[in-house]
Amino acid sequence: MTRVDAIIIGAGQAGPSLARRLSAAGMTVAFIERKLFGGTCVNTGCMPTKTLVASAYAAHLAGRSADFGIELSAPPRIDITRVMARAHTVTLNARSGVERSLRELKNCTVFQGHAAFESPDTVRVADERLTSPRIFINVGGRANVPPLPGVDTVRYLTNSTLLEIDHVPRHLVVVGGSYIGLEFGQMFRRFGSEVTIVEMSPRLISREDEDVSAAVRTILENEGIHVRTSAECIRLASHANGVAVSVDCTSGPPEAIGSDVLLAVGRRPNTDDLGLDKAGIATDARGYITVDEGLATNVPGIWALGDCNGRGAFTHTAYNDYEIVAANLLDGESRKVSDRVSGYALYIDPPLGRVGMTESQARATGRPLLISTRPMTRVGRAVEKGETQGFMKAIVDAETHRILGASILGTGGDEAIHAVLNIVSAGVPYEVLQRAVPIHPTVSELLPTLLGDLKPV
Ligand SMILES: Cc1cc2nc3c(=O)[nH]c(=O)nc-3n(C[C@H](O)[C@H](O)[C@H](O)COP(=O)(O)OP(=O)(O)OC[C@H]3O[C@@H](n4cnc5c(N)ncnc54)[C@H](O)[C@@H]3O)c2cc1C
C-alpha cells in the first residue's frame, strides 16, 4: 500500500493542472491515467476536430476563391492523409506535452492503468494499492452508443474512430444533429463526402433557439448537406452499399444509405467501471457523480471534476472545476460552480458563440425582456470577408439591464461573444458594453449597436 497526500484519477482537463498546484504546495501526488494523456479534448475532441475544421475551412475558401478575385489553375483537391496527419500532429504534440509535464513533476508519481476504488480512501491500479485522504476524480466521458435497433449489426463510427479513417467517406450519415454531429458533418462535406444528418428532434441543436437552429440548418443545406429531422424511429441495417439508416416512420424517403455512419448522440460519464460503490460515492440516474457547489462528492475527501460530474461538458468548464477546487483547498476561498457563467461555441463555419440563456429560457423566467437582433449582412467586417451568413442576438432583463443571454452566429462569433461573456461575468448592466469603444473593423464593434436597438418583447 502506497500512501500519498493526493490521488488524481484521469489526465483530462482538470487533473494535470491540479497536480501542479498540489505538488507546488508540497504534497505528494499519485497520478493515474488509463489511456491517453490529455483526455478527450486533446486526443479525440476539441484539438483534432478544430484542426480538421481549419482544414475544412481552407478547402471551402479555396473552392470560393473566385469570389475573392483569385483564380486557381485547378479545383482544390483534398489529400485526406495529410489532412488527418496534421490533426494527429497537433494532438500528439499536446498529448506528449501533458505526459512529459506530469512525469517531470516534483512530488508526483504517474501510474498508467485503470483505476478503481476499493474503499473511500483506497484506489487500485494494476498491482498497486494507493491510499490517500484526498482523491480527485477527473475521468471524463465517452461517446454514448444508444440501443438503436440494429446498432449491433453494423459497423459504426464514433468521434474517436472517425479520427482514424484514411479515406473520405462516399456518403457519411451522421446520427445526431447536435454540436459534435454538426461539426463533423460540415467538415466531411467540405472534404468531399455526401453528408446526411439525421436528428430525432424536430430541429437541429434543439437546445438553441428556433431562429438559431433554423439559420444553422440553412447554412448546412447551402453546402448541400441533407438534413432529416423528426426521425423518430432510427434503425440501422447492413446494406450492399454500406449502412442503411431508417430515418423516418411517417414521411420522406424512408432511409439514407451511407457508406459510413457516425453515431453522435451524446456522451456518458466514465463512472461505471470506477468502483464507486466500494467508496459509497453517489451518482445520478445517468451515472454522473453528484457534487456540491465546491465539487465535493458525498464522501468526505473525494472530489469530482470535469465532465464526470455533469455540471459542465466542456474543456473550459473542466478547467474551471480545477480552479474552484484548488482555490477552495489551497487559497482559502469559497468559490462555487454556480458562479460560472455558461458560455460555449459550436464550431461549424460560421461558428456560433453562445453565452447565458436562450431567448426561450429567458421568456420562461417571466421577466420583462429587451431583445435585439442584427443580421451579419449588416456587419461591415463580415461583408468585407465575404462571410455574411448568420445573425447576432442579445437578450436583456428590462428591469436590471443585465444581459441574460446572447448568440453570435457568424464569422468570428466564437471570439466576439467574449465581449458579452465578460460583461455578464462582471455582473454589470449592458450599458457598460454599449459605452465601450470597440476596434474597427470587427464583429465585436457591432455589439454596442446591437444593444442600442434593444426593444421590449
Ligand atoms: C468531438 C468532440 C469535440 C469537442 N469539442 C470541444 C470544444 O471545441 N470545446 C470544448 O470546450 N469542449 C469540447 N469537447 C468536450 C471536451 O472534450 C470535454 O468537455 C473535456 O475533454 C472534458 O474534460 P475532462 O477533464 O472532464 O475529461 P476527459 O478529457 O475526458 O479526460 C478524462 C481522462 O480520464 C481517463 N480515465 C477515465 N477513467 C479512468 C480510470 N478508471 N482510470 C484512469 N484513468 C481514467 C481517460 O482516459 C481520460 O484521459 C469536445 C468533445 C468531443 C467528443
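Every number for a ligand or one of its atoms is a count from 1 in the order of the listing. Residue numbers run from 1 in the order of the sequence given. When reading the values below, keep in mind they use all heavy atoms of this one structure, side chains included, and skip hydrogens, waters and symmetry mates.
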Numbering as shown, the atoms of ligand 1 that approach G39 to under 4.0 Å (heavy-atom distance): 29 (O), 31 (O), 48 (C), 49 (O)
Closest candidate by heavy atom, reference atom 24 (P) of ligand 1, pool T158, N138, N159: N138
N/O donor-acceptor pair under 3.5 Å between R129 side chain and T2 backbone: no
Residue K50 vicinity, atoms of ligand 1 by number, heavy atom under 4.0 Å: 5 (N), 6 (C), 7 (C), 8 (O)
Candidate with minimal heavy-atom separation from atom 14 (N) of ligand 1, of C46, G45, G306: C46
Which of the ligand 1 atoms, numbered from 1, are nearer than 4.0 Å to a heavy atom of L36: 49 (O)
Ligand-residue contact atoms, ligand 1 with Y347, heavy atoms, under 4.0 Å: 8 (O)
Closest candidate by heavy atom, reference atom 40 (C) of ligand 1, pool A318, G10, A115: A115
Backbone or side-chain N or O of D307 under 3.5 Å from ligand 1 N or O: yes
Nearest protein heavy atom with distance in Å, relative to atom 44 (N) of ligand 1: R34 N, 3.2 Å
Atom pair CG/CD1 of L447 and I417 - distance to nearest 0.5 Å: 7.5 Å
Gap between atom CD1 of I289 and atom CG of D307 - 0.5 Å precision: 11.5 Å
Nearest-0.5 Å distance that lies between atom CD1 in I324 and atom CG in L295: 5.0 Å
Nitrogen or oxygen of D273 less than 3.5 angstrom from that of ligand 1: no
For Y319, ring-ring contact (aromatic ring centres under 6.0 Å, His included) partners two or more places apart: Y322
Proximity of T40 to ligand 1 by residue part, where a heavy atom lies under 4.0 Å: both
Mode of V125 contact toward ligand 1 - side chain, backbone, both, neither (heavy atoms, under 4.0 Å): neither
I180 and ligand 1 - part of the residue with a heavy-atom distance under 4.0 Å: side chain
Approximate separation, where rounding is to 0.5 Å, of N138 CG and C308 SG: 6.5 Å
Where at least one partner belongs to residues 143-152, residue pairs that pass side-chain hydrogen bond (donor to acceptor under 3.5 Å, both in side chains), sequence neighbours excluded: none
Option whose closest heavy atom lies nearest to atom 17 (O) of ligand 1, chosen from G343, S160, C41: C41
Interfacing atoms of ligand 1 (cut-off 4.0 Å, heavy-atom, I9): 40 (C), 42 (N), 43 (C)
Closest candidate by heavy atom, reference atom 46 (C) of ligand 1, pool Q13, E33, K35: E33
Residue part near ligand 1, for E183, under 4.0 Å between non-hydrogen atoms: neither
A313 and ligand 1 - part of the residue with a heavy-atom distance under 4.0 Å: backbone
Numbering as shown, the atoms of ligand 1 that approach L274 to under 4.0 Å (heavy-atom distance): 41 (N)
Option from R190, R64, R189 for which salt bridge (charged side-chain N to carboxylate O under 4.0 Å, His left out) with E223 holds: R190
